[in-house]
*Asks:* 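Input: one structure, supplied below.
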Amino acid sequence: MKSNTLTIIKKEFARFFGDRQLLFTTVIMPGLLIYIIYSLMGSGIQNMVTEGADETVTLQVENMPPSLAPMFYSLGSSISVSDCAISDDDIAQLEDKDINAVLLRFPENFDRIVYAERSENSETPNVEIFFNSTNNASNRVSMVVSSMLNNYARPYTVSTLDQASNDSIGAMIWSKILPMLIIMMLFSGVMAIAPSSIAGEKERGTIATLLVTPMRRNELAIGKIISLSSIALLSGISSFVGIALSLPKMISIEGAEEAESMLGFHYTTSDYFVLLLIIFASVLIMASAVSLLSALAKDVKNAGTMVTPFMLVIMLAGLLPMFQTGASESLIIYLIPFYNSIEVMTAVFAHEMAWMPVIVTLVSNVVYTGIAVWGLTRMFNSEKVMFSA
Amino acid sequence: MNEREEILRVEGLCKRFALSRKQQKIERTRARYKVAVDDLTFSAYRGEIFGLLGPNGAGKTTTLRMLSTLIRPDSGDALLDGCSVVSQPEEVRGKIGFLTSELKLEDFFTPNYLFDFFSRLHGVDDETCATRKKAMFSRFGIDQFAEVKVANLSTGMKQKLSLVISLVHDPEIIIFDEPTNGLDVLTARTVTDYLQELRGQGKTIILSTHIFSLVERLCDRVGIIIDGRLVACGNLSEVCNGMNIEDRFFELYKEVKGGQE
């Protein structure tokens, strides 16, 4: 009995350790990926904290209390403190996300109220902090000031008043979340059909039936990639509609309607047009890449194992916008397949879309798809690849 | 009338496969390559059934795969109705019908759909396709299952459908790898009868087999292939040299293998 158990254990180990691919995806890859994900997240968070640290932020204080003035003036050289009244215009200007400023309004005679004149019936004084959450520097300084005031254990309240428009807040949130979700949905669509369409045909022996027809191999490759892309696109669109409808509800804390009004989802026709183009280009290149891997695989299961590391890399790329503000300005970034689509989508959702990155992304994705078609054609021509199973 | 038209000419066809370490272990050899087909030369003539007879692993399937352009020869060439398998593979595929038990049909589709689909890939026009489909489906009793998915057909019906699909374009040369392998007796008989019918229509059939009785019953000429080399080729009486095909085969086998069986 004992020896049988041992025999079974040995057989399972022999099966597992004899399959190098399985060994890699099960033992080596998880650790490697966790290391990469956490390193990226760490450096992303570090970037978020330090981004804008070298920019000068104006801290305009109205009714500066003498007791707190030394604390504000010691905040550092990157914070320029000015003691003057705050007008409605000053507050309105904060809506512009390019203005690095925080406005701080104390009640008149703040020190006297807090230290001397407070009686049981008097109202608790309130300090107002006006800032713009979509401006990194403004956001960072507002947090520093708010935390300082909250730690200063005195009987007053602090209100933080975000001057960013609903659209700007919505754009910032969508630009961080949606690119990854869209890419993942599109990739799931490709994953659902591509391995079965190519590796499955090899496994079932139906690919050979196609290969003995007079059809040219590149016609087969193009036909496969276009049909797979179209189906994956439909699947992606379905998922996208689901996300678009459910996300406000998911984000809402106090009710969907409130969340919807808070997170503006206002995009122009050209935004949607670019998004559609980018989605199509992304699907094309995903279908191409998965088709190539599937053609190399012996069967559908093997294709799944081969595609998994690739899928994780795409997921990682999708996470990056969460740790950066806006899209990259370097055009070279838009030559990197998959990541270029994520960057363009980030720009579109953040209302920062520029045409040059879009064009570079589209052209490079079409070129990569062309290369993939060439590769797939060669694979269909290769007896070693097609009849290796 | 005695002047026979050569429709297939195979000249010096060679193919070797790289051996992986695992295969080297299995084959108990240190050789990096295994020669599957070694300098094969033969011809086939219009309206005949030519059989390649040999044991498993002799190189029959590799030869037929090269003739059907599924794999490329390392050297040598074969001309099928004047088209080279090396330089004109697409033209060759248009002239041949190739069938092996390894070729499968998608379970999801119906015979009707598959016939139309493969006809389009072979460039057959709609009218011809419809006429041919009607005749072929009726000949093999597929017409009543024309709208049934392949997954739901019996094994015999699937095999008959595979045969029909490989002939959608009415090819002049039909290449069959082990035509009766895995078939039930009824389907096997249907297939062999049909091969004779095709010969009667002037088609050329190249088949591989290891079944002696099939060669005796069907083939006009035969090539015996052992270890990738053609050791005898000609009509049955020439090859058999007064013996029956089975005895003659083992005599040749012993000669090649030096007495080993």
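Basis for what follows: all heavy atoms, side chains included, without hydrogens, waters or symmetry-related copies. Quick note on labels: first sequence line is chain A, next is B, and so on, each numbered from 1.
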*Asks:* Does A:Thr213 offer a backbone N or O that forms a donor-acceptor pair with the side chain of B:Arg93 under 3.5 Å?
*Replies:*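 It does hold such a pair.
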
*Asks:* Using heavy-atom distances under 4.5 Å, tell me whether A:Glu201 contacts chain B through its side chain, its backbone, both, or neither.
*Replies:*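 Just the side chain, heavy atoms under 4.5 Å.
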
*Asks:* Taking 4.5 Å as the heavy-atom cut-off, does anything in residues 69-88 of chain B contact chain A, and if so which residues?
*Replies:*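 B:Thr69, B:Leu70, B:Ile71, B:Arg72, listed by number.
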
*Asks:* Please tabulate, for the side chains in residues 363-380 of chain A, all donor-acceptor contacts under 3.5 angstrom to protein atoms that are two or more places apart in sequence or on a different chain.
*Replies:*
unit_1: A:Ser364; atom_1: OG; unit_2: A:Tyr334; atom_2: O; d: 3.3
unit_1: A:Ser364; atom_1: OG; unit_2: A:Asn340; atom_2: ND2; d: 3.3
unit_1: A:Ser364; atom_1: OG; unit_2: A:Val360; atom_2: O; d: 2.8
unit_1: A:Ser364; atom_1: OG; unit_2: A:Thr361; atom_2: O; d: 3.1
unit_1: A:Asn365; atom_1: OD1; unit_2: A:Asn340; atom_2: ND2; d: 3.0
unit_1: A:Asn365; atom_1: ND2; unit_2: A:Ser341; atom_2: OG; d: 3.4
unit_1: A:Tyr368; atom_1: OH; unit_2: A:Leu335; atom_2: O; d: 2.5
unit_1: A:Thr369; atom_1: OG1; unit_2: A:Asn365; atom_2: O; d: 2.7
unit_1: A:Thr377; atom_1: OG1; unit_2: A:Val373; atom_2: O; d: 2.7

*Asks:* With a 6.0 Å cut-off (strictly less than), is the heavy-atom count around CZ of A:Phe280, excluding the residue itself, greater than 12?
*Replies:*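 Count not over threshold, so no.
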
*Asks:* Could you tell me the separation between the CG atom of A:Leu210 and the CG atom of B:Leu121, rounded to the nearest 0.5 Å?
*Replies:*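 So the gap between those two atoms works out to 6.5 Å.
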
*Asks:* Take atom NZ of B:Lys158 as the centre, draw a 6.0 Å sphere, and report whether it contains more than 12 heavy atoms from other residues, nucleotides or ligands.
*Replies:*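 Enclosed.
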
*Asks:* Output side-chain donor-acceptor pairs under 3.5 Å for residues 305-319 of chain A, partner residues at least two apart or in another chain, one line each.
*Replies:*
unit_1: A:Thr305; atom_1: OG1; unit_2: A:Lys301; atom_2: O; d: 3.0
unit_1: A:Thr308; atom_1: OG1; unit_2: A:Gly304; atom_2: O; d: 2.6

*Asks:* Heavy-atom count check: over 12 atoms from other residues, nucleotides or ligands less than 6.0 Å from B:Asp126 CG?
*Replies:*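 Result for CG/B:Asp126: open.
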
*Asks:* Just wondering, more than 12 heavy atoms not from A:Phe17 lying within 6.0 Å of its CZ?
*Replies:*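 Yes, CZ of A:Phe17 has more than 12 neighbouring heavy atoms, counting only those of other groups under 6.0 Å.
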
*Asks:* For B:Arg229, I'd like to know if atom CZ has over 12 heavy atoms of other residues, nucleotides or ligands within 6.0 Å.
*Replies:*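 Open: at most 12 neighbouring heavy atoms sit under 6.0 Å from CZ of B:Arg229.
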
*Asks:* Check the surroundings of atom CD in B:Gln201: do more than 12 heavy atoms from other residues, nucleotides or ligands lie under 6.0 Å from it?
*Replies:*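 Above 12, so yes.
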
*Asks:* Do the side chains of B:Lys15 and A:Glu383 get close enough for a salt bridge, i.e. N-O under 4.0 angstrom?
*Replies:*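 Salt bridge flag = yes for A:Glu383 with B:Lys15.
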
*Asks:* Count the heavy atoms belonging to other residues, nucleotides or ligands that lie under 6.0 Å from CZ of B:Arg139, then report whether that count exceeds 12.
*Replies:*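 Enclosed: over 12 neighbouring heavy atoms sit under 6.0 Å from CZ of B:Arg139.
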
*Asks:* Measure the shortest side-chain to side-chain distance between B:His122 and A:Pro214 over non-hydrogen atoms and say whether it is less than 4.5 angstrom.
*Replies:*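 The answer is yes, as the side chains (C-beta and beyond) meet within the 4.5 Å cut-off.
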
*Asks:* Can you list the residues of residues 106-118 of chain B that sit under 4.5 Å from chain A, counting heavy atoms only?
*Replies:*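 Counting heavy atoms that sit under 4.5 Å from chain A, the residues of residues 106-118 of chain B involved are B:Glu106, B:Phe117, B:Phe118.
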
